[in-house]
**Q** 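A single structure is presented below for examination.
Numbered from 1 within each chain, the chains take letters A, B, ... in sequence-line order.
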Protein chains: 2
Amino acid sequence: MSPASAPGADTAEVIRRSALKLFAHEGYEATSMREIAAAVGIQAGSLYNHFSSKEEILWDLTRGALLDLREHIDTALARLPADTSASAKLSSFIDAHVRFHALNSERARIVNQQMSGLNRTHYREIVGLRRTFEEQLAGILDDGVREGSFSLVDSRLSVYAILQMCIAVSNWFRKGGGLSVDEVATTYVALAHRMVIGSPAPVRRRRSGGTS
Amino acid sequence: MSPASAPGADTAEVIRRSALKLFAHEGYEATSMREIAAAVGIQAGSLYNHFSSKEEILWDLTRGALLDLREHIDTALARLPADTSASAKLSSFIDAHVRFHALNSERARIVNQQMSGLNRTHYREIVGLRRTFEEQLAGILDDGVREGSFSLVDSRLSVYAILQMCIAVSNWFRKGGGLSVDEVATTYVALAHRMVIGSPAPVRRRRSGGTS
DNA sequence: CGGACAAACTAACGCTTGTTAGTATCACGG
DNA sequence: CCGTGATACTAACAAGCGTTAGTTTGTCCG
């Protein structure tokens, strides 16, 4: 109806929200610019007044989600006193990670599953951003080992396992789905602690059967 | 060159292998029938001598991978004596799960990330198949609790966390990438045991800040 | 009132998509 | 040696893709 700007509408933001939902539920490649435009309530060509390409929309969403996650985690850790134990730092880190992935599951799913839609430059930048979380967690685990409060099965694999466990929350968590964010975060904090604290768990090995 | 059947070639199998690689690395929607055909060495139209649609190729690969995983796990569990402890059953289950996801990472990634390319019927069937693994693991954990050897933080969330931790191995594991399958499987078995065995881990809670 | 700007519109571009129809080529059984 | 069946080929289809150009509309400033 209104071919000019509707005040306060902020079309770019509406585009972001619409594309986010479509990308998260249908996938980036399976979503067309015309679908996004229809969800916004404009024509496909008008999208190019706000984003220079389809890839730029994905890039904007992906990067924004990761930067938000980083900020979310860094402020959580920054709230801790300087002499905080590794154990408490781990709790904060896991809590923040799980909360974010539960409450921003669509954005997280884009980061984790639609990265292949990005061009090489943007892809690499996302991979780099994600690596900072691995390094952050690895640092906390190292601290704990040095303190004597953690005993790891394997440092690199513990990082992978813990991080992926948290990230995967975005795959199944639904608001109002019977589980509160608090419950999930509390449980995952406890699980992560169990994974790094060295009560000598009975590690049993099957007879292995083949490849290296 | 040879417009008729090349003996022993088994074109359908070559299609499966080519499509698997393309789907896993580029994504289902981003892969065209012409790309698959080129990888096989035939024309796009010829694919329809072996599969009735693009979706059927995805369906074939997805279903095949899940059925193989099920068989893999069931034979591992079937090898155990009838009176096996829950702890040993957990070890076998995790070991089999991790091995499969490490050694079949492309197939696993299709199952986990390209499901949205399936039609509704096939999608539901895949979800159903996946649920059987959750139930299997939940059963093992329940047994352990009943035996007194496991003490869970939360039964449902433990299942999710453990399973997703194993599944995620397919996201990063590369054959010949410095880590052997045996190492990874051993470590993950140990981690899973830690997650379910009730050395009272120090569970700390942050002050929560908002949504339910 | 008038000119500038932002943001919407319409219409089309060149290409690619999954899929189909019709045809040609080979191996093999009778 | 011929007929059958499987499998490949070529060519085309309608539809949809991301993107662009040119135009219209509305708002705001001077």
**Q** Rounding to an integer number of Å, can you tell me how far Asp10(A) CG sits from dA7(C) C1'?
**A**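 Distance check: Asp10(A) CG to dA7(C) C1' gives 13 Å.
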**Q** Any side-chain N or O of Thr11(B) under 4.0 Å from OP1/OP2 of dA8(D)?
**A**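 The answer is yes; a side-chain N or O of Thr11(B) sits under 4.0 Å from OP1 or OP2.
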**Q** Mark yes when over 12 heavy atoms from residues, nucleotides or ligands other than Phe173(A) sit less than 6.0 Å from its CZ; otherwise mark no.
**A**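 Yes, the 6.0 Å shell around CZ holds more than 12 heavy atoms from other groups.
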**Q** Is it the case that over 12 heavy atoms from other parts of the model lie below 6.0 angstrom from the CD atom of Glu56(B)?
**A**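 Yes, enclosed.
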**Q** Which one of Arg16(B), Arg17(B), Arg107(B) satisfies the salt bridge (Lys or Arg N to Asp or Glu O under 4.0 Å) criterion with Asp60(B)?
**A**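 By the salt bridge (Lys or Arg N to Asp or Glu O under 4.0 Å) criterion, Asp60(B) pairs with just one of Arg16(B), Arg17(B), Arg107(B): Arg16(B).
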**Q** Heavy-atom contacts under 4.0 Å between residues 32-51 of chain A and DNA chain C, which residues?
**A**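 Arg34(A), Ile42(A), Gln43(A), Ser46(A), Asn49(A), His50(A), in order of number.
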**Q** On the 0 to 90° scale, with breaks at 30° and 60°, tag the His122(A)-Trp59(A) ring pair as parallel, tilted or perpendicular.
**A**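 His122(A) and Trp59(A): parallel rings.
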**Q** Could you state the CD1-P distance from Ile15(B) to dG18(C), rounded to the nearest angstrom?
**A**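 About 14 Å, once rounded to whole Å.
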**Q** Rounded off to whole Å, could you give me the CD-to-C1' distance for the Glu29(A) and dG18(C) pair?
**A**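 That distance rounds to 16 Å.
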**Q** Can you classify the ring geometry of Tyr160(B) versus Trp172(A) as parallel (below 30°), tilted (30 to 60°) or perpendicular (above 60°)?
**A**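 Ring orientation of Tyr160(B) relative to Trp172(A): tilted.
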**Q** SG of Cys166(A) to CZ of Phe93(A): how many Å apart, nearest 0.5 Å?
**A**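 These two atoms lie 7.5 Å from each other.
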**Q** With a 3.5 Å distance limit and no angle check, can you tell me whether Ser91(B) reaches the backbone of Ser87(B) through a side-chain donor-acceptor pair?
**A**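 Answer holds: yes.
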**Q** Please list residues of residues 56-64 of chain B whose heavy atoms come under 4.0 Å from any atom in DNA chain D, ordered by number; otherwise none.
**A**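 The answer is none.
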**Q** List the residues meeting ring-ring contact (aromatic ring centres under 6.0 Å, His included) with Phe133(B), not counting sequence neighbours, and say none if there are none.
**A**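 For Phe133(B), the residues satisfying ring-ring contact (aromatic ring centres under 6.0 Å, His included) (neighbours in sequence not counted) are His97(B).
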